[in-house]
Amino acid sequence: MSILLLVLLAIVIVFAVPAVRMQVITRPVFSFFKKVLPPLSDTEKEAMEAGDVWWEGELFRGKPNWNTLHSYGKPALTAEEKDFIDNQVMTALTMIDDFDIVHNRKDLPPELWQYFKEQGFFALIIPKKYGGKAFSAYANSTIVSKLASRSVSAAVTVMVPNSLGPGELLTHYGTTEQKERWLPALAKGDEIPCFALTGPEAGSDAGAIPDVGIVCRQSFNGEEVLGLKLTWDKRYITLAPVATVLGLAFQMQDPDALLGDKVNLGITCALIPTDHPGVEIGRRHNPLDMAFMNGTTRGEQVFIPLDWIIGGPQFAGKGWRMLVECLSAGRGISLPALATASGHMATKTTTAYSYVRQQFGLSIGHFEGVQEALARIIANTYQLEAARRLTTTGIDLKVKPSVVTAIAKYHMTELGRDVINDAMDIQSGKGIQLGPKNYLGHPYMSNPISITVEGANILTRSLMIFGQGATRCHPYVLPEMEAAAMEDKEQAEEKFDALLLGHMGYACRNAFSALANALTGSRFASAPVCGETRQYYKDMSRISAALALLTDMSMLIMGGDLKRKEMLSARMGDVLSQLYLGSATVKLFEDNGRQQDDLPAVRYVMTQRLHLAAKALEDTVRNFPNRPVAWLLRVLIFPLGNHFNAPSDKQVTELVQGMMKPGPARERLTFLCPDFAGDTGGVAEVEQAFLAQYASRGLHKKLKKAQRSGALPAKVPMLTLFDAALEQAVITEEEHKQLLAADALRLAAILVDDFDKL
């Protein structure tokens, strides 16, 4: 007992007496921390500092406050936004013939270009004082999604001016003179913008831009001015072939010290009219045969005055931060909108097609193999819509959530790919025969574009989500890194000492929380709601604590090497991502008013999110390089094993059965893909067939019953069966007409296009 008391007393003295703690703990740990601290490039530092920490910070720290999530509010359209969508957007949809756009014109028709310009489709984010719409991120996303439900080419043409580019950069950073010069013309469509960032040697590593602008003096408009001599070579630039104004990112250099003593000023953004001498708009690319404009631009020793820098000369060298902050917003709107549109369209058409398409005398939606894929489509669409709403909510709250938008970009485009693949599998021949009636082919062909652009998905997953999240969201790591960078050693140690105590308490809390929740099945974790979804909040809190613990141990053991352990960091990023997607799901359920017919989708999605998060945790621990630490982590995180299973067969069946009929639940997952009179794209055709067949389901049951009794022949063509039923008075004349009309719609829906010649 005396020895135990002495040990406890020694521990108390070490931690409670600052001088002793500094000597025994803080200085050795600080020295170790500085050794393992990963080196950060200037662009990495700027990326870390750019943007804001939002809901992902709560998820990363091990104890999410679910009331904070609910406090963000429900996204909603203003009356002006709703009117624009109900009128201008719906009118635009009636003007779209995507087969003609892609295969004949290789461009939007002139009347659609003109309509987009006149009605302000290119001005969604421009402030009203400059003639723009100043719509919310949620409205912007909704507009792009509705257009994408009919034409990816039209949607991309609209989304680019409203995403990363001159309009957004000018709105946030432009000088008064620049805004007054360019924004009204952009809003009216008199100017068409593009933004040139990507080049042959700089793709996902946009910080490695080789294009250069040299500060110099030269004659411009009859007088000698200070400016830049620019040389660039860019590719993959959307709208470049038709652009009248070019946003350009380049490395700015001042070798003659005309602006100061700094030679390399860093990445800078400028705005240049495309008719300016020396600007070359090159040949057009062909992005997977889609018709939106995409191409190259070059320039050799092109002189521009310094005041063409976006934001003016004072923003020289600040382009990377500008790009990261604006890209984080655009990345959370445009590409996720395309993916969500794919989900809504695939859910609408595939549930309808599965009902009207028959094999072996049954609708194919009754086969379990089809149900398994169909359930994934429905659940992934629910997830896409949930993530779209939560992400745009953050952007509309005027935060710049760079980690959240990286999660949205990667996971939503991948979910979009999964949705289209499953829809193609179910609709099979309907999906692979291109023609005016094929609504799946072009989204299927164009999907890899979303996967590739605005940061390739592989690198977004392995480097960005956890790499930024671990540093930005952790309550102690970034301040500790700042302490390590301080020049005054004594002040640095004092600051680190205060942080270290908090960090140790934080780590112990997360370790205890992870273990306690694992042993009790999260029974005592907090949740803001009652009912069936309550347990999902509790389980996410458990996984959040485990992620926080795993992150601390990874940083402690691997230090700077963690930056190179991309497979491990990607898995930990997956845990954070699944928690974010799960948060979006439960919030959508609350925002929708806890609709009971949404529960099958919520059950499937949340079971899948928790399963994937737990699997990512388990795989990280299994591959952890330090085996004793891996054993300890397994004991703390999964002391009783991993029991988070994938969705069950019962959940699959319940979900599909609920969505194979018209109703509010189906409408909530398909509203971004409207069907309207005059639609020649096949969507309205298959939907009308579905509604007609569903309305005739009672008559088909009557026919089946008569066949089983022998009153009607079995295994005969539909029209023969209908005629026999009328003859035998099984059905009335009116019912016969109803069946004939419904069957005509069914046949039209399952038929595919054919041509005299291609």
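Closest approach of Phe195 to Leu248, counting heavy atoms only: CE1-N, 4.0 Å. The nearest pair of heavy atoms linking Val144 to Ala337 is CG1-CB, 3.8 Å. Between Ser342 and Pro443, the shortest heavy-atom distance links the atoms OG-CB, 4.4 Å. Shown here for Lys348 and Glu687, the closest heavy-atom pair between the two residues is CG-OE1, 3.6 Å. Counting all heavy atoms, side chain and backbone alike, Pro662 lies closest to Leu691 at CG-CD2, 3.7 Å. The minimum heavy-atom distance between Tyr236 and His285, with the atom names listed, is N-NE2, 3.1 Å.
Taking the six-membered ring wherever Trp is involved, the centroid distance between the rings of Tyr353 and Phe690 does not fall below 6.0 Å.
Two residues are said to be in side-chain contact when any heavy atoms from C-beta on lie closer than 4.5 Å; Leu703 and Leu699 fail this criterion. You'll find the side chain of Arg150 reaches within 4.5 Å of the side chain of Asp679, heavy atoms only. In this structure, the side chains of Ile449 and Phe292 come closer than 4.5 Å at one or more pairs of heavy atoms. In this structure the side chain of Thr274 never reaches within 4.5 angstrom of the side chain of Val245, judged on heavy atoms.
For the 3.5 Å distance criterion, the side chains of Thr347 and Thr381 qualify, holding a donor opposite an acceptor. Between Thr142 and Arg388, the side chains place a donor N or O and an acceptor N or O closer than 3.5 Å (distance only, hydrogens not considered). His344 and Thr670 form no side-chain donor-acceptor contact under 3.5 Å, judged by distance and modelled atom types alone. Using modelled atom types, one finds no donor on one side chain facing an acceptor on the other under 3.5 Å when comparing Gln358 with Arg746. For the 3.5 Å distance criterion, the side chains of His736 and Asp723 qualify, holding a donor opposite an acceptor. Under the 3.5 Å distance criterion, with hydrogens and angles disregarded, no donor-acceptor pair is assigned to the side chains of Arg357 and Ser363. Side-chain contact check for Glu385 and Thr340: no donor-acceptor pair (N or O, by modelled atom type) lies under 3.5 Å. If you check the side chains of Gln738 and Glu734, you find no donor sitting under 3.5 Å from an acceptor.
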Checking Lys117 against Asp190 for the salt bridge (Lys or Arg N to Asp or Glu O under 4.0 Å) test, could you report, in this order, the C-alpha distance in whole Å, the side-chain angles of both residues, the deciding distance, and whether it holds? CA-CA 8 Å; Lys117 292 176 182 180; Asp190 293 341; over 6 Å; no
Please step through side chain to side chain donor-acceptor pair (under 3.5 Å) for the pair Glu81 and Ser136, ending with a clear verdict. CA-CA 8 Å; Glu81 291 167 346; Ser136 64; 3.1 Å; yes
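With a 6.0 Å radius and a threshold of 12 heavy atoms from other residues, nucleotides or ligands, Tyr444 has its OH atom at or below the threshold. Open room surrounds CD1 on Ile458; 12 or fewer heavy atoms of other groups in view lie less than 6.0 Å from it.
Screening residues 414-437 for side chain to side chain donor-acceptor pair (under 3.5 Å), with sequence neighbours left out, gives Thr349-Gln427, Thr350-Gln427, Arg376-Asp422, Glu414-Arg417, Glu414-Asn457, Gln427-Tyr439, Lys437-Glu685.
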